[in-house]
Amino acid sequence: MLSDRRSFLEKIAGAGALSLVPGASALAGTASADEKNHFVVGPYLQNLGPDAVTIMWITHKNSFSWVEYGAGTYTSKREFGYNNGLIEANNRINRITLTGLTPGTAHKYRIVSTEVLGYKGSKVEFGDTLTSPMYDLKTPAAGEEECRLVVLNDLHDRPQTIPKLLYSLGYTGNRRDFDFVVFNGDCFDWVSSESQMVDHLLKPAVDIFATELPFILTQGNHECRGSFSRHIPSYYAYPEEKYYYAFTRGPVRFVVLDSGEDKTDDSVEYGGLSAFDRYRLIQKKWLEKEVESPEFKKAAFRVVLIHISPYHSGDWHGTMHCREVFGPVLNRAKIDLQISGHTHRYASHDPDDSHNYPILIGGGPLEGKRTLIKVHATPKLLDVKMIRDDGEVVGKYALSKKART
Ligand SMILES: [Fe+2]
(Lines give C-alpha, C1' and ligand atoms only; values in the text may rest on other atoms or scores of the structure.)
Protein backbone atom coordinates (compact mmCIF):
# COMPACT_ATOMS: atom_id res chain seq x y z
CA MET A 1 0.00 0.00 0.00
CA LEU A 2 2.75 2.45 0.92
CA SER A 3 4.71 1.54 -2.20
CA ASP A 4 1.56 2.23 -4.26
CA ARG A 5 1.36 5.67 -2.73
CA ARG A 6 5.06 6.35 -3.34
CA SER A 7 4.81 5.42 -7.00
CA PHE A 8 1.64 7.51 -7.36
CA LEU A 9 3.33 10.57 -5.90
CA GLU A 10 6.40 10.00 -8.13
CA LYS A 11 4.15 9.82 -11.18
CA ILE A 12 2.45 13.08 -10.20
CA ALA A 13 5.83 14.75 -9.87
CA GLY A 14 6.98 13.37 -13.24
CA ALA A 15 3.94 13.27 -15.47
CA GLY A 16 1.27 15.65 -14.22
CA ALA A 17 -1.79 14.52 -12.34
CA LEU A 18 -4.27 14.87 -15.18
CA SER A 19 -2.76 12.01 -17.15
CA LEU A 20 -3.26 9.61 -14.28
CA VAL A 21 -6.05 7.11 -14.25
CA PRO A 22 -5.29 4.43 -11.66
CA GLY A 23 -6.04 0.90 -12.69
CA ALA A 24 -6.58 2.07 -16.25
CA SER A 25 -6.77 -1.53 -17.42
CA ALA A 26 -9.68 -1.99 -15.06
CA LEU A 27 -11.58 0.74 -16.87
CA ALA A 28 -11.75 -1.27 -20.06
CA GLY A 29 -15.18 -2.64 -19.21
CA THR A 30 -16.95 -5.78 -18.09
CA ALA A 31 -15.24 -9.14 -18.35
CA SER A 32 -16.88 -11.45 -20.86
CA ALA A 33 -19.00 -14.40 -19.78
CA ASP A 34 -16.58 -17.02 -21.15
CA GLU A 35 -13.67 -15.61 -19.12
CA LYS A 36 -12.50 -17.89 -16.30
CA ASN A 37 -13.73 -17.21 -12.82
CA HIS A 38 -11.78 -14.53 -10.96
CA PHE A 39 -12.21 -11.96 -8.24
CA VAL A 40 -13.77 -8.95 -9.97
CA VAL A 41 -13.04 -6.68 -7.03
CA GLY A 42 -12.30 -6.92 -3.35
CA PRO A 43 -12.16 -7.70 -0.64
CA TYR A 44 -13.49 -4.47 0.83
CA LEU A 45 -14.52 -3.83 4.41
CA GLN A 46 -17.83 -2.49 5.64
CA ASN A 47 -19.18 -1.82 9.14
CA LEU A 48 -15.96 -2.42 11.05
CA GLY A 49 -16.62 -2.43 14.79
CA PRO A 50 -14.77 -3.66 17.89
CA ASP A 51 -16.04 -7.23 17.49
CA ALA A 52 -17.42 -7.51 13.96
CA VAL A 53 -16.76 -6.62 10.35
CA THR A 54 -18.41 -7.35 7.02
CA ILE A 55 -16.13 -8.44 4.19
CA MET A 56 -17.42 -8.02 0.64
CA TRP A 57 -16.18 -9.05 -2.78
CA ILE A 58 -17.48 -9.90 -6.22
CA THR A 59 -16.65 -13.00 -8.23
CA HIS A 60 -16.95 -13.20 -12.01
CA LYS A 61 -18.96 -16.42 -11.92
CA ASN A 62 -21.40 -17.84 -9.43
CA SER A 63 -19.45 -19.38 -6.58
CA PHE A 64 -19.51 -20.77 -3.07
CA SER A 65 -17.45 -18.34 -0.98
CA TRP A 66 -16.08 -17.95 2.51
CA VAL A 67 -13.56 -16.04 4.61
CA GLU A 68 -10.64 -17.65 6.43
CA TYR A 69 -9.47 -15.52 9.32
CA GLY A 70 -8.06 -15.29 12.79
CA ALA A 71 -6.35 -13.04 15.31
CA GLY A 72 -2.59 -12.57 15.09
CA THR A 73 -1.09 -14.74 12.37
CA TYR A 74 -3.67 -17.55 12.58
CA THR A 75 -6.41 -18.06 10.02
CA SER A 76 -7.96 -21.12 11.55
CA LYS A 77 -11.54 -19.81 11.50
CA ARG A 78 -13.96 -19.87 8.59
CA GLU A 79 -17.11 -17.87 8.06
CA PHE A 80 -19.80 -18.10 5.42
CA GLY A 81 -22.85 -16.14 4.42
CA TYR A 82 -26.15 -17.50 5.72
CA ASN A 83 -29.60 -17.04 4.33
CA ASN A 84 -32.78 -18.64 5.68
CA GLY A 85 -30.98 -21.77 6.82
CA LEU A 86 -28.91 -22.13 3.69
CA ILE A 87 -25.22 -21.36 3.49
CA GLU A 88 -24.92 -18.73 0.78
CA ALA A 89 -23.68 -20.14 -2.53
CA ASN A 90 -24.30 -19.90 -6.28
CA ASN A 91 -23.92 -16.11 -6.03
CA ARG A 92 -21.44 -13.42 -7.13
CA ILE A 93 -21.77 -10.57 -4.63
CA ASN A 94 -20.42 -11.73 -1.30
CA ARG A 95 -21.23 -10.13 2.00
CA ILE A 96 -19.82 -12.16 4.89
CA THR A 97 -19.91 -10.86 8.45
CA LEU A 98 -17.30 -11.96 10.97
CA THR A 99 -18.53 -11.74 14.55
CA GLY A 100 -16.98 -12.39 17.93
CA LEU A 101 -13.72 -10.67 17.01
CA THR A 102 -11.38 -9.46 19.74
CA PRO A 103 -11.48 -5.65 20.08
CA GLY A 104 -8.33 -3.66 19.39
CA THR A 105 -6.64 -6.63 17.75
CA ALA A 106 -4.82 -7.28 14.47
CA HIS A 107 -6.45 -9.98 12.39
CA LYS A 108 -5.43 -11.73 9.18
CA TYR A 109 -7.93 -12.86 6.59
CA ARG A 110 -8.30 -14.09 3.06
CA ILE A 111 -11.24 -14.73 0.77
CA VAL A 112 -11.93 -18.01 -0.98
CA SER A 113 -14.41 -18.73 -3.79
CA THR A 114 -15.14 -22.07 -5.43
CA GLU A 115 -17.00 -21.83 -8.70
CA VAL A 116 -20.43 -23.42 -8.81
CA LEU A 117 -20.65 -25.07 -12.23
CA GLY A 118 -24.28 -26.00 -11.88
CA TYR A 119 -26.78 -28.33 -10.30
CA LYS A 120 -27.63 -31.88 -11.25
CA GLY A 121 -30.98 -32.21 -9.63
CA SER A 122 -30.33 -31.18 -6.06
CA LYS A 123 -26.59 -31.98 -6.24
CA VAL A 124 -24.12 -29.12 -6.66
CA GLU A 125 -21.17 -29.43 -9.05
CA PHE A 126 -18.12 -27.39 -8.06
CA GLY A 127 -15.30 -26.02 -10.22
CA ASP A 128 -11.95 -24.42 -9.43
CA THR A 129 -11.17 -22.58 -6.21
CA LEU A 130 -9.77 -19.05 -6.04
CA THR A 131 -7.84 -17.94 -2.97
CA SER A 132 -6.77 -14.35 -2.34
CA PRO A 133 -3.54 -13.22 -0.71
CA MET A 134 -3.63 -12.69 3.04
CA TYR A 135 -4.89 -9.28 4.20
CA ASP A 136 -4.72 -7.39 7.48
CA LEU A 137 -7.43 -5.68 9.43
CA LYS A 138 -7.46 -4.29 12.93
CA THR A 139 -10.58 -4.02 15.03
CA PRO A 140 -11.00 -0.76 16.93
CA ALA A 141 -10.56 -1.00 20.67
CA ALA A 142 -13.73 -1.00 22.72
CA GLY A 143 -14.03 2.57 23.96
CA GLU A 144 -11.37 3.86 21.55
CA GLU A 145 -10.53 7.43 22.47
CA GLU A 146 -9.87 8.91 19.04
CA CYS A 147 -10.99 8.52 15.50
CA ARG A 148 -9.91 9.90 12.17
CA LEU A 149 -11.82 10.01 8.92
CA VAL A 150 -11.67 11.66 5.55
CA VAL A 151 -14.61 12.70 3.39
CA LEU A 152 -14.70 12.88 -0.41
CA ASN A 153 -17.78 14.00 -2.30
CA ASP A 154 -19.10 14.63 -5.80
CA LEU A 155 -16.58 12.52 -7.70
CA HIS A 156 -19.05 12.29 -10.61
CA ASP A 157 -17.39 9.37 -12.38
CA ARG A 158 -13.83 10.63 -11.93
CA PRO A 159 -12.07 7.71 -10.23
CA GLN A 160 -8.67 9.38 -10.52
CA THR A 161 -9.81 11.86 -7.85
CA ILE A 162 -9.71 9.10 -5.22
CA PRO A 163 -5.92 8.42 -5.32
CA LYS A 164 -5.24 12.08 -6.02
CA LEU A 165 -6.93 13.27 -2.83
CA LEU A 166 -6.11 10.31 -0.59
CA TYR A 167 -2.47 9.84 -1.58
CA SER A 168 -1.65 13.56 -1.75
CA LEU A 169 -3.60 14.82 1.25
CA GLY A 170 -4.63 11.81 3.33
CA TYR A 171 -1.23 11.10 4.87
CA THR A 172 1.17 12.71 7.30
CA GLY A 173 4.54 11.33 6.28
CA ASN A 174 3.86 7.64 5.87
CA ARG A 175 1.02 7.58 8.38
CA ARG A 176 -2.49 7.27 7.01
CA ASP A 177 -4.65 9.99 8.56
CA PHE A 178 -7.89 8.02 8.51
CA ASP A 179 -9.58 5.04 10.15
CA PHE A 180 -12.36 5.11 7.57
CA VAL A 181 -13.42 6.95 4.44
CA VAL A 182 -16.74 8.58 3.61
CA PHE A 183 -17.86 8.97 -0.01
CA ASN A 184 -20.45 11.62 0.68
CA GLY A 185 -22.65 11.17 -2.36
CA ASP A 186 -22.62 11.68 -6.13
CA CYS A 187 -19.76 9.31 -6.87
CA PHE A 188 -21.39 8.87 -10.29
CA ASP A 189 -23.40 10.95 -12.76
CA TRP A 190 -25.91 8.16 -13.03
CA VAL A 191 -25.36 4.45 -12.55
CA SER A 192 -25.83 2.09 -15.50
CA SER A 193 -23.80 -1.02 -14.69
CA GLU A 194 -21.88 -3.00 -12.12
CA SER A 195 -18.63 -2.36 -13.99
CA GLN A 196 -19.13 1.40 -13.67
CA MET A 197 -19.48 1.06 -9.91
CA VAL A 198 -16.55 -1.34 -9.70
CA ASP A 199 -14.22 0.75 -11.84
CA HIS A 200 -15.18 4.19 -10.59
CA LEU A 201 -15.42 3.47 -6.87
CA LEU A 202 -14.73 -0.02 -5.60
CA LYS A 203 -11.44 -0.73 -7.39
CA PRO A 204 -9.76 2.56 -6.51
CA ALA A 205 -10.94 2.16 -2.90
CA VAL A 206 -9.62 -1.42 -2.72
CA ASP A 207 -6.31 -0.43 -4.33
CA ILE A 208 -5.71 2.30 -1.76
CA PHE A 209 -7.25 1.24 1.55
CA ALA A 210 -10.45 -0.81 1.53
CA THR A 211 -8.91 -4.25 2.18
CA GLU A 212 -7.81 -2.89 5.57
CA LEU A 213 -10.18 -0.04 6.40
CA PRO A 214 -13.90 0.41 5.85
CA PHE A 215 -15.76 3.05 3.89
CA ILE A 216 -19.25 4.46 3.68
CA LEU A 217 -21.16 5.41 0.57
CA THR A 218 -23.72 8.06 1.46
CA GLN A 219 -26.45 8.17 -1.16
CA GLY A 220 -26.42 11.37 -3.20
CA ASN A 221 -29.08 12.44 -5.65
CA HIS A 222 -27.05 11.05 -8.57
CA GLU A 223 -26.88 7.57 -7.02
CA CYS A 224 -30.68 7.63 -7.32
CA ARG A 225 -30.42 7.87 -11.11
CA GLY A 226 -29.81 5.33 -13.86
CA SER A 227 -30.84 1.77 -14.64
CA PHE A 228 -28.53 0.27 -11.99
CA SER A 229 -29.45 2.56 -9.10
CA ARG A 230 -31.78 0.06 -7.48
CA HIS A 231 -29.02 -2.57 -7.38
CA ILE A 232 -26.46 -0.37 -5.60
CA PRO A 233 -27.41 -1.41 -2.04
CA SER A 234 -26.49 -5.05 -2.77
CA TYR A 235 -22.84 -4.03 -3.04
CA TYR A 236 -22.56 -2.42 0.39
CA ALA A 237 -23.39 -3.38 3.94
CA TYR A 238 -25.27 -0.99 6.14
CA PRO A 239 -26.10 -1.58 9.80
CA GLU A 240 -29.78 -2.17 9.07
CA GLU A 241 -29.78 -2.32 5.29
CA LYS A 242 -30.85 1.29 5.03
CA TYR A 243 -29.10 4.39 3.72
CA TYR A 244 -29.89 6.23 6.95
CA TYR A 245 -28.33 5.02 10.19
CA ALA A 246 -26.05 5.96 13.04
CA PHE A 247 -22.86 4.50 14.44
CA THR A 248 -20.20 5.35 16.98
CA ARG A 249 -16.47 5.57 16.35
CA GLY A 250 -14.23 6.89 19.10
CA PRO A 251 -15.83 9.90 20.77
CA VAL A 252 -18.17 10.61 17.84
CA ARG A 253 -21.74 9.58 17.11
CA PHE A 254 -22.15 9.74 13.34
CA VAL A 255 -25.64 10.21 11.93
CA VAL A 256 -26.01 9.44 8.24
CA LEU A 257 -29.05 10.84 6.44
CA ASP A 258 -30.21 10.38 2.87
CA SER A 259 -31.24 13.71 1.37
CA GLY A 260 -32.70 11.95 -1.68
CA GLU A 261 -33.38 13.62 -5.01
CA ASP A 262 -33.12 17.37 -5.48
CA LYS A 263 -36.41 17.93 -7.36
CA THR A 264 -40.04 17.15 -6.53
CA ASP A 265 -41.14 13.52 -6.83
CA ASP A 266 -43.46 14.37 -9.72
CA SER A 267 -40.65 15.87 -11.83
CA VAL A 268 -40.77 14.47 -15.34
CA GLU A 269 -37.15 13.21 -15.09
CA TYR A 270 -38.09 10.61 -12.50
CA GLY A 271 -40.79 8.99 -14.60
CA GLY A 272 -43.18 8.63 -11.68
CA LEU A 273 -40.74 6.34 -9.82
CA SER A 274 -39.63 8.59 -6.97
CA ALA A 275 -41.05 8.80 -3.45
CA PHE A 276 -38.51 10.89 -1.61
CA ASP A 277 -40.96 13.06 0.34
CA ARG A 278 -42.34 9.95 2.00
CA TYR A 279 -38.82 8.61 2.54
CA ARG A 280 -37.58 11.81 4.18
CA LEU A 281 -40.56 11.76 6.55
CA ILE A 282 -39.74 8.17 7.51
CA GLN A 283 -36.15 9.26 8.19
CA LYS A 284 -37.37 12.18 10.28
CA LYS A 285 -39.20 9.75 12.59
CA TRP A 286 -36.08 7.61 12.85
CA LEU A 287 -33.92 10.71 13.49
CA GLU A 288 -36.19 11.84 16.32
CA LYS A 289 -35.59 8.50 18.02
CA GLU A 290 -31.86 8.47 17.31
CA VAL A 291 -31.23 11.86 18.93
CA GLU A 292 -32.89 10.55 22.11
CA SER A 293 -30.81 7.36 22.19
CA PRO A 294 -28.20 6.80 24.91
CA GLU A 295 -25.49 6.37 22.26
CA PHE A 296 -26.27 9.79 20.78
CA LYS A 297 -26.66 11.50 24.12
CA LYS A 298 -23.49 10.21 25.70
CA ALA A 299 -21.23 10.84 22.69
CA ALA A 300 -18.70 13.63 23.11
CA PHE A 301 -19.40 14.78 19.54
CA ARG A 302 -22.26 14.42 17.06
CA VAL A 303 -21.52 14.66 13.35
CA VAL A 304 -24.14 14.52 10.60
CA LEU A 305 -23.28 13.25 7.13
CA ILE A 306 -25.81 14.22 4.45
CA HIS A 307 -25.21 14.81 0.75
CA ILE A 308 -27.49 17.82 0.25
CA SER A 309 -27.20 20.29 3.09
CA PRO A 310 -30.60 21.48 4.33
CA TYR A 311 -29.03 24.97 4.34
CA HIS A 312 -26.84 26.90 1.89
CA SER A 313 -27.72 24.57 -0.98
CA GLY A 314 -30.11 26.61 -3.06
CA ASP A 315 -33.88 26.48 -2.82
CA TRP A 316 -34.86 23.44 -4.87
CA HIS A 317 -37.35 21.08 -3.36
CA GLY A 318 -34.81 18.55 -1.98
CA THR A 319 -32.97 21.20 0.01
CA MET A 320 -36.16 22.83 1.26
CA HIS A 321 -37.81 19.57 2.28
CA CYS A 322 -34.64 18.45 4.12
CA ARG A 323 -34.72 21.80 5.90
CA GLU A 324 -38.38 21.37 6.82
CA VAL A 325 -38.14 17.80 8.10
CA PHE A 326 -34.57 17.45 9.43
CA GLY A 327 -33.74 21.06 10.34
CA PRO A 328 -35.78 21.41 13.56
CA VAL A 329 -34.62 18.02 14.86
CA LEU A 330 -30.95 18.75 14.19
CA ASN A 331 -31.18 22.21 15.71
CA ARG A 332 -32.68 20.78 18.89
CA ALA A 333 -30.16 17.94 19.07
CA LYS A 334 -26.99 19.94 19.71
CA ILE A 335 -25.19 18.75 16.60
CA ASP A 336 -21.49 19.64 16.53
CA LEU A 337 -20.93 19.54 12.79
CA GLN A 338 -22.62 18.69 9.51
CA ILE A 339 -20.62 17.59 6.45
CA SER A 340 -22.21 17.78 3.00
CA GLY A 341 -21.46 18.13 -0.72
CA HIS A 342 -23.74 18.57 -3.73
CA THR A 343 -23.24 22.27 -4.57
CA HIS A 344 -19.79 21.66 -6.15
CA ARG A 345 -18.60 24.84 -4.40
CA TYR A 346 -16.67 24.25 -1.21
CA ALA A 347 -17.77 26.46 1.66
CA SER A 348 -17.86 26.58 5.43
CA HIS A 349 -20.85 28.09 7.16
CA ASP A 350 -20.70 29.17 10.79
CA PRO A 351 -23.79 28.74 12.94
CA ASP A 352 -26.44 31.35 12.15
CA ASP A 353 -30.15 32.03 12.75
CA SER A 354 -31.22 29.02 10.71
CA HIS A 355 -28.78 26.33 11.93
CA ASN A 356 -27.04 26.37 15.29
CA TYR A 357 -24.09 24.18 14.25
CA PRO A 358 -21.32 24.68 11.67
CA ILE A 359 -21.68 23.19 8.19
CA LEU A 360 -18.85 22.20 5.88
CA ILE A 361 -19.71 21.66 2.22
CA GLY A 362 -17.01 19.91 0.19
CA GLY A 363 -16.37 20.92 -3.42
CA GLY A 364 -15.86 19.08 -6.70
CA PRO A 365 -15.70 17.47 -9.15
CA LEU A 366 -13.26 19.53 -11.26
CA GLU A 367 -9.60 20.13 -10.56
CA GLY A 368 -9.21 23.20 -8.38
CA LYS A 369 -12.63 22.63 -6.80
CA ARG A 370 -12.14 19.18 -5.25
CA THR A 371 -11.66 18.90 -1.52
CA LEU A 372 -10.72 16.36 1.10
CA ILE A 373 -12.32 16.97 4.49
CA LYS A 374 -10.22 15.57 7.32
CA VAL A 375 -11.69 14.99 10.77
CA HIS A 376 -9.71 14.08 13.86
CA ALA A 377 -11.74 13.53 17.02
CA THR A 378 -10.22 13.25 20.47
CA PRO A 379 -12.20 13.19 23.74
CA LYS A 380 -12.23 16.98 24.04
CA LEU A 381 -11.62 18.30 20.53
CA LEU A 382 -13.14 17.83 17.10
CA ASP A 383 -10.54 19.09 14.67
CA VAL A 384 -11.74 19.53 11.08
CA LYS A 385 -9.94 20.74 7.99
CA MET A 386 -11.19 21.06 4.43
CA ILE A 387 -8.25 20.91 2.03
CA ARG A 388 -8.43 21.79 -1.67
CA ASP A 389 -6.71 19.46 -4.13
CA ASP A 390 -3.70 21.80 -4.34
CA GLY A 391 -3.10 21.47 -0.59
CA GLU A 392 -4.62 24.81 0.44
CA VAL A 393 -6.73 24.64 3.62
CA VAL A 394 -10.04 26.28 2.63
CA GLY A 395 -12.05 25.68 5.80
CA LYS A 396 -11.42 24.59 9.33
CA TYR A 397 -12.98 24.22 12.75
CA ALA A 398 -11.53 23.26 16.11
CA LEU A 399 -14.64 22.41 18.11
CA SER A 400 -14.43 21.84 21.84
CA LYS A 401 -16.63 19.34 23.55
CA LYS A 402 -19.89 21.08 24.44
CA ALA A 403 -21.31 21.10 27.91
CA ARG A 404 -24.35 18.81 27.62
CA THR A 405 -27.38 19.17 29.81
FE1 LIG B 1 -25.61 16.14 -5.62
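These values consider heavy atoms only, across backbone and side chains, with no hydrogens, waters or symmetry-generated copies. Given the structure is predicted, the values throughout are model-derived calculations rather than measurements. Atoms within a ligand are numbered from 1 in the order they appear, just like the ligands themselves.
Between the side chains of H156 and D189, a donor-acceptor pair is found at a separation under 3.5 Å. Side chain to side chain, S195 and S193 meet the donor-acceptor criterion of an N or O pair below 3.5 Å.
For the pair E223/L217, a side-chain contact is recorded, criterion being any heavy-atom separation below 4.5 Å from C-beta on.
For the side chain to side chain donor-acceptor pair (under 3.5 Å) test, residues two or more places apart in sequence or in another chain that qualify with Y357 are Q338. Applying the salt bridge (Lys or Arg N to Asp or Glu O under 4.0 Å) rule to R92 yields the partners E194; only residues at least two apart in sequence or on another chain are considered.
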Distance-only check: which donor-acceptor pairs under 3.5 Å involve side-chain atoms of residues 374-381, not counting sequence neighbours?
unit_1 : atom_1 : unit_2 : atom_2 : d
K374   : NZ     : L169   : O      : 2.7
K374   : NZ     : D177   : OD2    : 2.7
H376   : NE2    : E146   : OE1    : 2.8
T378   : OG1    : L381   : N      : 3.4
T378   : OG1    : L381   : O      : 3.2

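Excluding waters, the protein N/O/S atoms found under 2.8 Å from the Fe ion (ligand 1) are D186 OD2, N221 OD1, H307 NE2, H342 ND1.
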